[in-house]
Amino acid sequence: MKIGVLSDTHVRQLDAELARQLDQAFAQADMVIHCGDLTSLQVLNGLSCPQVVAVAGNMDDATVGQMLPTKRVIRLEGHDIGIIHGYGPPQGLEERIRNEFEQVDAIVYGHSHIPANHVKNGVLYFNPGSVSKGYRGSGTVGMLEIDKQITGKIITL
């Protein structure tokens with residue numbers, strides 16, 4: 001199973017070029033996870049994957065905050081994946097979000113705009129970075145693959 005991951009889009013809706021780039025990056029994805037700061041629900045409508053799961057971030061409008069949870073756990077292929085945007089400064093972010101979940105195999109998050117893809121104490125920490133480019137934007141998304149384990153890959157747009 002392949003899961004496209006994005007975060008921190010910070011746009012009201014996807015323009016044609018960004019939608020094209022995401023379609024290309026997620027062409028093999030069975031589902032997409034958005035880790036918050038999408039800003040508007042219109043962003044989710046612009047994703048052309050059959051299944052999209054999302055959480056709200058700190059910069060999302062009130063409608064997003066009412067419609068989406070701030071964290072969730074999904075079970076895929078026998079693995080529990082925690083999804084959260086994150087909060088506070090980049091320093092100590094992983095420790096804060098780890099405390100938000102009990103037993104998970106991976107934590108997928110955003111907020112810092114800094115890509116991360118590493119295992120600590122048996123948990124995969126995966127941050128796709130920010131779709132946005134420029135100031136504090138990495139111009140990246142990610143792909144998780146679940147076989148017997150969950151592995152991640154950062155993709156530059």
Side-chain angles (χ1 to χ4, degrees), residues 1-14 18-61 63-87 93-94 96-98 100-120 123-132 137-157:
M1 177 173 217
K2 293 186 179 187
I3 305 147
V5 183
L6 72 161
S7 188
D8 297 280
T9 45
H10 293 286
V11 294
R12 303 293 303 161
Q13 63 185 23
L14 300 179
L18 181 55
R20 184 194 66 73
Q21 290 176 329
L22 293 174
D23 284 348
Q24 183 177 10
F26 299 152
Q28 303 299 313
D30 299 298
M31 73 179 296
V32 170
I33 294 172
H34 195 303
C35 299
D37 278 4
L38 47 129
T39 310
S40 165
L41 291 173
Q42 292 290 81
V43 171
L44 299 181
N45 296 335
L47 298 171
S48 61
C49 195
Q51 185 177 7
V52 178
V53 174
V55 295
N58 61 299
M59 298 298 287
D60 288 321
D61 68 22
T63 304
V64 174
Q66 292 169 353
M67 299 295 293
L68 297 176
T70 56
K71 68 178 180 178
R72 66 191 330 162
V73 176
I74 59 173
R75 186 160 184 82
L76 299 171
E77 308 274 321
H79 298 276
D80 290 324
I81 301 171
I83 307 167
I84 191 168
H85 180 65
Y87 51 91
L93 176 60
E94 289 184 350
R96 285 190 301 279
I97 62 173
R98 180 66 189 103
E100 296 287 334
F101 300 101
E102 290 184 22
Q103 297 290 326
V104 291
D105 301 296
I107 299 175
V108 181
Y109 66 103
H111 188 60
S112 69
H113 296 205
I114 302 168
N117 181 19
H118 61 92
V119 175
K120 183 168 32 173
V123 176
L124 173 66
Y125 289 81
F126 190 80
N127 183 334
S130 171
V131 170
S132 306
S138 59
T140 56
V141 295
M143 184 71 73
L144 295 176
E145 188 165 353
I146 303 176
D147 193 357
K148 291 182 172 125
Q149 299 182 60
I150 304 173
T151 57
K153 175 181 163 185
I154 303 297
I155 301 166
T156 300
L157 295 177

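- Rounding to the nearest 0.5 Å places CG of L6 at 10.0 Å from OG of S132.
- Using the six-membered ring where Trp is involved, Y125 and H118 have ring planes that are parallel, under 30° apart on the 30 and 60° scheme.
- Note: M143 CE to Q28 CD = 7.5 Å, rounded to the nearest 0.5 Å.
- Side-chain atoms of R72 come within 3.5 Å of backbone N or O of A54 as a donor-acceptor pair.
- The main-chain N or O of Q149 is never found under 3.5 Å from a side-chain atom of D147 such that the two would form a donor-acceptor pair.
- Note that CE of M31 and CZ of F26 are 11.5 Å apart. Values are rounded to the nearest 0.5 Å.
- Between the side chain of T140 and the backbone N or O of I154, no donor-acceptor pair lies under 3.5 Å.
- For the residue pair H85 and V55, the shortest heavy atom distance occurs at N-CG2, 3.9 Å.
- Shown here for L18 and V131, the closest heavy-atom pair between the two residues is CD1-CG1, 3.4 Å.
- Within a 6.0 Å sphere centred on CE of M67, heavy atoms belonging to other residues, nucleotides or ligands number 12 at most.
- Of the possible donor and acceptor atoms, none in the side chain of H34 sits under 3.5 Å from a partner among the backbone N and O of S7.
- Checking each of V123, I83, D80, V73 against F101 for a side-chain contact (heavy atoms from CB on, under 4.5 Å) leaves exactly one that passes, namely V73.
- N127 places no side-chain N or O within donor-acceptor distance of the main-chain N or O of P115, the cut-off being under 3.5 Å.
- Closest of all the heavy-atom pairs between G65 and A56 is CA-CB, 4.3 Å.
- Among all heavy-atom pairs drawn from L93 and S112, the shortest one is CD2-CB, 3.9 Å.
- Of the listed residues (D105, V53, I3, L144), just one forms a side-chain contact (heavy atoms from CB on, under 4.5 Å) with L76, and that residue is I3.
- Remark: the backbone N or O of G152 is paired with a side-chain donor or acceptor of N117 at under 3.5 angstrom.
- Checking side-chain atoms of S130 against main-chain N and O of S138 turns up no donor-acceptor pair under 3.5 Å.
- At a threshold of 4.5 Å between non-hydrogen side-chain atoms, the residues H113 and H10 count as touching.
- Judged by distance alone, the side chains of E100 and Y87 do bring a donor and an acceptor atom under 3.5 Å apart.
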Using the side chain to side chain contact (heavy atoms under 4.5 Å, CB included) rule, take I146 and I81 through it: C-alpha gap first, then chi angles, then the decisive distance, then the call. CA-CA 11 Å; I146 303 176; I81 301 171; 4.1 Å; yes
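- None of T9, L47, V11, D61 except one satisfies the side-chain contact (heavy atoms from CB on, under 4.5 Å) rule with L38; the exception is T9.
- Here CG of L22 is found 6.0 Å from CG of L157. Values are rounded to the nearest 0.5 Å.
- Atom NZ of K120 has more than 12 neighbouring heavy atoms from other residues, nucleotides or ligands inside a 6.0 Å radius.
- In terms of modelled atom types and a separation under 3.5 Å, the side chain of D30 and the main chain of K2 share a donor-acceptor contact.
- Taken to the nearest 0.5 Å, the OG1 atom of T39 stands 7.0 Å off from the CE atom of M59.
- A donor-acceptor contact shorter than 3.5 Å is absent between the side chain of N58 and the backbone of D37.
- Heavy-atom minimum distance, G46 versus A19: O-CB, 4.5 Å.
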